[in-house]
Amino acid sequence: MPATSAPQHLFATMLSRVSAVAAPLVGANVDLSRVVVEPPRDASHGDMATNAAMVLAKDAGKKPRDLAEAIAAALRADPVIAKVDVAGPGFINLTLKTHVWGEALRAVLEQGADYGRSTMGAKEKVNVEYVSANPTGPMHVGHGRGAVFGDALANLLAFAGYDVTREYYVNDAGAQVDVLARSAFLRYREALGENIGTMPEGLYPGDYLVPVGAALMASHGAALGKKPESEWLPIVRAKAIAMMMDTIRDDLAALHVRHDVFFSERSLIEGKSDQVTATIKSLQASGEVYEGRLPPPKGGNLEDWEDREQTLFRSTALGDDVDRPLKKSDGSYTYFASDIAYHKSKFERGFRNMIDVWGADHGGYIKRMQAAVKAVSGGKAELDVKLVQLVRLLRAGEPVKMSKRSGEFVTLREVVDEVGKDAVRFDMLYRKNDAVLDFDLVKVIEKTRENPVFYVQYGHARGQSIFRNARVEIPGLPLDGPARAAAFKTAALNRLGDEGELSLLRKLALYPRLVEAAAGAHEPHRVAFYLYELASEFHAQWTKGNDLPHLRFIIQNDPETTMARLALVQGIVTILASGLALLGVEAPDEMR
RNA sequence: GCGCCGGUAGCUCAGCUGGAUAGAGCACCAGACUUCGAAUCUGGGGGUCAGGGGUUCGAAUCCCUUCCGGCGCGCCA
C-alpha cells in the first residue's frame, strides 16, 4: 500500500499496514484476523492503538512486549506515523502526523454524502423484513418501533454496500382476516341503516372499519346482504384488507418508512401453485417433516391437550427445543407452515442473508424459524432475527392509558401527527432494539440538550448558521453544499491545530469505521449515539469561541484561518446530515 | 419446570463483538451571555458493572451457577 494513499478509511488503512508489518515477524501461518486498530479509550495514549502483539504473541512464540517492540520498530519507518509507543501488557499506541487528519477531512469534502459509504457488503443481497403488521387495524406505537428500526437498518446496510430489499409480509390469510371480514360486514349492515348494537365478542370493535362498511355499500348497494357468508366473505375480506393496507401504507409514509415488496401470504396458497403444500412435501422427502406425537406442553393449561399424531417439523435436529406442528387439528396449516414457505420464497428469490424484525413477544419463535431457514435452504441461508422490545407511551412521565377492549387506543399515526416523524424516529433509534423504551410525548419535543433529536439537529443548523454569517468575511462563499465543499479544496487545513479541532477531525475520521461496525452488528442505534457525540464536541468547540475569540470559526481579516475552520464545519455538517439520513431524520438548515 | 431478552452512578441509558484508570445525559453543587445562534458550554461529587465461581496476559463483555424483572411455552398470528 503506497504511503501517500488518501486515507479513505483511516482505521482500515492502518490495520492493513500493521498487518503487513506484523506478518513477517510472526510467521506465515499465523492468523491475523483478530488484530484490530481502534481509537484508544484515553486520548492521551495517542490516535490509534492496536492489540496485534498481544493477540499474536502466543502463536508467534514470543512474549507480547517483545513482539510489540519489534512491530513498533517497523512501524516507526511509516511516513504517516509520528510516534509509536508500547504500553501496558503490549498495546502499541500510534500517534499520526497531524497532516493525516487534514487529509481525512479532505476525503469528507471530496466525497460529500458518499463519505463513509462502504464496500463491505460486496453487493450481497439482503432481505430485511419489518413491520408486517396484520392488516386488521391501525398500527400502534410498538409497530412504529419495528418500522423505524427496520427502515434505518435497511438504510445502513445499503450504505455499507449490501443490495437490500425491504419487505413487508402481509398476513392476508388465516383466521384473523376472516374475523376482520365479519367485523367489516357488520359495519356494512350498519351503513345500510341496520342497528348492529355493540360489536359481538371476538370481533374487532374499533370504528376504523366504519369507512369499509360505507365503501362496501357504495360499491355493492344492498346486494351483499342477501348472499350467504361463503359468498360475501371473500369480497368483504378483500376490500377490508385492501383498505387497511392503504391506511398502513399511509401511516408508514408519514413516518418516512418505505418497503420495496409487500408479500402476500395468500399468494403462497392461491397463486399458480400451493407453495405451502409443496414446501412441506419437499421437507417430507428429505425427512425433515414426519408424522408423530409431541409431549404435552409444560406449564401451560393441559385441559384442552389432546395427544394425537400430527405433521411435525423436525426443528430439534437444527437447534430448536421441540419439534413443531405444521397442521391444526382441523387439517389446515399452522401459521408456521406458511411462514416456512414464505422464507423458502425468500431463498428462491436469491437471498442468503435474511433479517426479520419482530416484536419481543415473538421471541419464542426464533429458533424454529432459523431451523426452518436452514432446512429450506440446505444450510445455505442465514436468518438473523432482531427483536424490538416494548414501547411504554408516556406523557410528562405519566403512562398513557391504552384500552384494547373499547377499541380506543393511541395509534402510531396519532403519535406521529402530534410530535413529528423526526422525533419519533430518532428517539426510537436512540436505544438498543432489545431494551424497553419509554417514549414520552412531552419530552421528545423539548428543545434542550436532554432531547437528543433536537441536540443533533441543532448542531446541523448551527453549522449552517456559521456559513450564513461567514459570507461577510468570505463574500463568494457558496450556500449550496457541494459547491461550498469544493470551495474548501484549497483551504490550508494545517491551520487547524487547536485540541478541540483535532479531536473533531479524529471524530470525523471514525465515521466510516462506525458505519461498518453498526452495519455488521445490525445496530443502527450506534449511529445515533455517534451523532450525539459529534454534535456535542461541535457545540463545545463553538462555545470555546465565546471565551477565546481567536478560536471562533470566523476570524476577521484572516480568511485563511477562517476557510480552514469553515472546512471543518463543512465536514461536521456533512457527516451529521449523512448519519441523520441513515436514521431517516431531517437535517434542518435552521430551527428558529 | 423449560427457553429467550434484560440487570452498569440516585434516575434514563451507552460501552465500538475480550483491552489500558467503566462513560454520557438528567438530577445535585459551583461557574460562563457587549456571542460566529446561551435552545449552548465549563468544572465538581457520585460505581461491589445484581451475587458467586471459572476460562486467560486481560472479563461489564465469553462459560457455569444463584437471585431479580419482562416475554414466550401444540391446534393464535
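Chain letters run A, B, ... following the sequence lines, proteins first, then strands; residues in each count from 1. Computed over heavy atoms, backbone and side chain alike; hydrogens, waters and symmetry mates excluded.
Considering only the side chain of A/Asn93, B/A20 comes nearest among B/U40, B/A77, B/A20. Set against B/A39, B/A24, B/A14, the side chain of A/Tyr532 has B/A24 as its closest nucleotide. Each of B/A20, B/U56, B/G19 was ranked by its minimum atom distance to the side chain of A/Lys58; first place goes to B/U56. Residue A/Asp438 has its side chain nearest to B/U12 when only B/A77, B/A14, B/U12 are considered.
Of the options A/Lys507, A/Arg506, A/Lys83, a salt bridge (charged side-chain N to carboxylate O under 4.0 Å, His left out) to A/Asp47 is made by A/Arg506 and by none of the others. Among A/Tyr532, A/Phe553, A/Tyr458, A/Tyr455, the one residue that satisfies the ring pair (Phe, Tyr, Trp, His ring centres under 6.0 Å) test with A/Phe538 is A/Phe553. A/Trp358 pairs in a ring pair (Phe, Tyr, Trp, His ring centres under 6.0 Å) with only one of the listed residues (A/Tyr130, A/Tyr169, A/Tyr365), which is A/Tyr365.
Phosphate proximity of B/C41 to A/Tyr455: present, with a side-chain N or O under 4.0 Å from OP1 or OP2. One finds a side-chain N or O of A/Arg431 lying less than 4.0 angstrom from the OP1 or OP2 phosphate oxygen of B/C13. Using a 4.0 Å cut-off, some side-chain N or O of A/Lys432 falls inside it from OP1 or OP2 of B/G15. Dashed line: the shortest gap from a side-chain N or O of A/Arg449 to OP1 or OP2 of B/C26 is not under 4.0 Å. Side-chain nitrogen and oxygen atoms of A/Asn469 include at least one within less than 4.0 Å of the OP1 or OP2 phosphate oxygen of B/G37.
Comparing the P positions of B/C41 and B/A24 gives an interatomic distance of 13 Å, to the nearest angstrom. For the P atoms, the distance linking B/A60 with B/U8 amounts to 15 Å, nearest Å. Taking the P atoms as reference points, B/U61 lies 11 Å from B/G19, given to the whole Å. Comparing B/U40 with B/A27, their P atoms are spaced 11 Å from each other, to the whole Å. For the C1' atoms, the distance linking B/C49 with B/G15 amounts to 11 Å, nearest Å. Only the C1' atoms considered, B/C68 is 8 Å distant from B/A50, to the nearest whole Å. B/U65 and B/C13: their C1' atoms are spaced 28 Å apart (whole Å).
Using a 4.0 Å heavy-atom cutoff across all strands shown, A/Val436 reaches sugar-phosphate atoms only and no base atom. When heavy atoms are screened at a 4.0 angstrom cut-off, A/Ala49 is found touching base atoms of the nucleic acid. Residue contacts for A/Ala87: at a heavy-atom cut-off of 4.0 Å it reaches a base atom on one of the strands shown. A/Tyr530 comes within 4.0 angstrom of nothing in the nucleic acid, heavy atoms only. As judged by a 4.0 angstrom heavy-atom cut-off over every strand, A/Tyr335 is placed among the base-contacting residues. In this structure, A/Ala521 reaches the bases: a heavy-atom distance under 4.0 Å links it to at least one base atom across the strands shown. Here A/Pro89 lies in heavy-atom contact (under 4.0 Å) with a base. Here A/Thr448 lies in heavy-atom contact (under 4.0 Å) with sugar-phosphate atoms only. Using a 4.0 Å heavy-atom distance criterion, A/Gly90 is classed as making no nucleic acid contact. Among the heavy atoms of the strands lying under 4.0 Å from A/Ala461 is at least one base atom, whether or not backbone atoms are also near. Within the 4.0 angstrom heavy-atom criterion, base atoms lie near A/Arg513. Here A/Glu473 lies out of heavy-atom contact (under 4.0 Å) with every strand. As judged by a 4.0 angstrom heavy-atom cut-off over every strand, A/Lys63 is placed among residues making no nucleic acid contact.
Stacking between A/Phe91 and B/G19 is absent: the ring centroid is not both under 5.5 Å from the six-membered base ring centre and under 30° in plane angle. The aromatic ring of A/His362 does not stack onto the base of B/G72, failing the criterion of a centre distance under 5.5 Å from the six-membered base ring together with planes under 30° apart.
When the C1' atom of B/C11 is taken as reference, atom CG of A/Leu394 falls 14 Å away, rounded to whole Å.
Partner assigned to B/C71 is B/G3, using Watson-Crick or G-U wobble distances below 3.5 angstrom. The partner of B/U34 cannot be assigned: no Watson-Crick or G-U wobble pair with both contacts below 3.5 Å exists in any strand. Under the Watson-Crick or G-U wobble criterion, with both distances below 3.5 Å, B/G46 has no partner in any strand shown.
For the residue pair A/Gln176 / A/Asn171, no side-chain donor-acceptor distance below 3.5 Å is found, with atom types taken as modelled.
RNA chain B is contacted by A/His539, A/Ala540, A/Trp542, A/Thr543, A/Gly545, A/Asn546, A/Asp547, A/Arg552, A/Phe553, A/Ile554 of residues 538-558 of chain A, taking any non-hydrogen atom closer than 4.0 Å.
In this structure, A/His45 and A/His522 both approach RNA chain B, and ranking their closest nucleotides by distance from the 5' end singles out A/His522.
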